[in-house]
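The structure appears right after this line, and notes come after that.
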Amino acid sequence: VRSALTRRELEGVRARDPSALEAFFEGQFDRVYGLVARLVHDRATAEDLTQDVFLRIHRAVHRLDPERDPWPWVATITYNVCRDHWSAAAERHGQRTVSLDDDAALAASLPDPAAGPESRLNALQRDRVVQEALLQLPEEGRVLVLFHDYGGLGHDEIAAMTGQSHAAVRQRYRRALARLGHLLRSVLG
Amino acid sequence: MIRDDELTLEERQVQDAIRRLPVLAADPSFRAAVRDRFRGAARRRAPWPRWALAATLLLVGVAGLLRLNAGAPWRVLATAGEGMITIDGAAVDVRDRANLERRVRPGARVTAGGTAELSLVSDGALVLVVTAGSEATLPAVPGRWLGRTVRATLAAGELRGVTGPAWAGARLAVAMPAAIAEVTGTTFAAIQSDEGSCVCVLDGRVTLAARGGAAALVAPGRRRVVATGGAARDEGLRPMERMKLLMLRDQAAALLGGARP
């Protein structure tokens with residue numbers, strides 16, 4: 001779902017008109033929060049990061065292009081905030097950011113793929129399992145899948161957002177899907 | 001975009017599962033707080049109207065220009081004698097130099113009592129001596145480009161002055177009861193005594209105009225007196241006046257630097 005704001009309203013946002021800002025907020029907040037919450041899956045962290053996203057949006061709103069759908073721009077800010085959060089967390093905990101190119105084994109905390117259809121889960125459980133599987137992905141893979149399939153961004157927009165080539169984004173996206181497929185084999189279809 | 005037919009069945013199922021994930025809703029109070037801050041920040045940081053911005057820039061520009069234009073401020077060069085110097089009604093012992101320094105300012109009314117004498121300097125521009133028994137108003141310091149004509153008054157006594165290189169093009173008008181002297185680069189003395197208003201010129205250019213009368217040029221080495229009744233006379237410098245002005249010029253030369261304009 002793309003922005004419902006008109007060009008004129010987006011110009012009002014650029015000019016920091018309070019009513020235009022409020023309309024902009026209403027159009028973007030749920031998507032930002034939803035995406036961040038899926039990416040970090042922790043309410044307090046999601047709230048902190050969402051707050052930071054809107055602070056950065058406000059600081060940079062004069063750079064918003066009223067001719068274009070603002071969502072890719074907002075999504076890029078969201079991505080940057082999450083990336084900074086992960087970098088800081090990795091530094092704090094002496095962790096390294098895991099890449100999809102790495103061959104580290106994913107944790108196997110999900111249902112056994114060999115389990116039969118009778119063990120398939122209801123919708124609520126299924127959502128929880130999908131979320132768990134997402135969290136098993138390295139951050140980069142989570143970003144590629146969630147921004148594309150949950151956030152609605154195209155691979156070209158994700159490539160521009162992450163500074164990777166379009167081909168690399170596609171390749172890594174498919175690799176992430178494959179790993180999720182492996183993890184979710186027991187609950188799919 | 002990857003076409004669906006490029007994906008395996010399992011990959012398409014994963015896509016579908018991700019796309020069907022419900023939107024996670026934020027706590028309503030958190031959402032409202034962020035919205036209020038987002039709007040409130042806008043209210044606090046609303047850009048200034050163009051006219052206010054232009055006016056502020058203009059004021060800042062004018063203030064900067066005035067600051068750049070300002071000449072070196074008055075400071076106390078030396079004091080001599082004994083007694084009190086009264087500045088704007090505050091009597092200060094002539095030996096209390098720090099106190100004098102604090103009070104000296106353009107337009108200050110200065111009275112030198114007893115044998116007290118106050119020498120002031122505006123670096124590079126002017127040395128001015130308020131001699132004992134004088135009652136004067138200090139001139140402003142000439143600006144670098146604007147406000148190049150400044151004004152002092154002498155009600156009684158004697159002001160002696162020497163101009164320096166930074167004075168070039170500036171003018172000092174010394175208003176006395178019977179006449180006004182106009183100084184444009186010189187070593188001079190303005191004297192107000194019982195005989196009238198007088199100006200003594202060691203070198204440079206000074207004019208003296210009786211109140212309501214025409215200005216007359218006073219040549220170097222000469223003195224001109226305008227009596228209270230308006231009668232004027234021109235005569236040679238007296239030896240004591242010449243000696244005092246020569247001494248002042250020599251003392252000021254090192255301080256002001258360069259040739260006098």
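Here is how names work: the chains are called A, B, and so on, in the same order as the sequence lines, proteins then strands, and each is numbered from 1.
In summary, the side chains of T86(B) and T111(B) do not present any donor paired with an acceptor at a separation below 3.5 Å, with no hydrogens or angles considered.
Within 6.0 Å of CZ in R105(B) there are more than 12 heavy atoms belonging to other residues, nucleotides or ligands.
Taking L21(B), D16(B), L9(B) one by one and counting their heavy-atom pairs under 4.5 Å with chain A, the maximum is reached by L21(B). Residue with the most contacts toward chain B among F24(A), F54(A), Y33(A): Y33(A) (heavy-atom pairs, distance under 4.5 Å). In terms of heavy-atom pairs under 4.5 Å with chain B, the best-connected choice from E22(A), R38(A), Q131(A), H62(A) is R38(A).
For R31(B), the salt bridge (Lys or Arg N to Asp or Glu O under 4.0 Å) partners are E26(A), D30(A), not counting sequence neighbours.
No donor-acceptor distance shorter than 3.5 angstrom exists from the side chain of W86(A) to the backbone of E140(A), with no hydrogens or angles considered.
For A25(B), the part sitting under 4.5 Å from any heavy atom of chain A is the backbone (N, CA, C, O) and nothing else. For a residue to count as touching a neighbouring chain, one of its non-hydrogen atoms must lie under 4.5 Å from one of that chain's; by this rule F29(A) touches chain B with the side chain only. For chain B, no part of L35(A) is nearby; none of its heavy atoms comes within less than 4.5 Å.
Ion pair D149(A)/R19(B) flagged as a salt bridge, since at least one NZ, NE, NH1 or NH2 atom sits closer than 4.0 Å to an Asp/Glu carboxylate oxygen.
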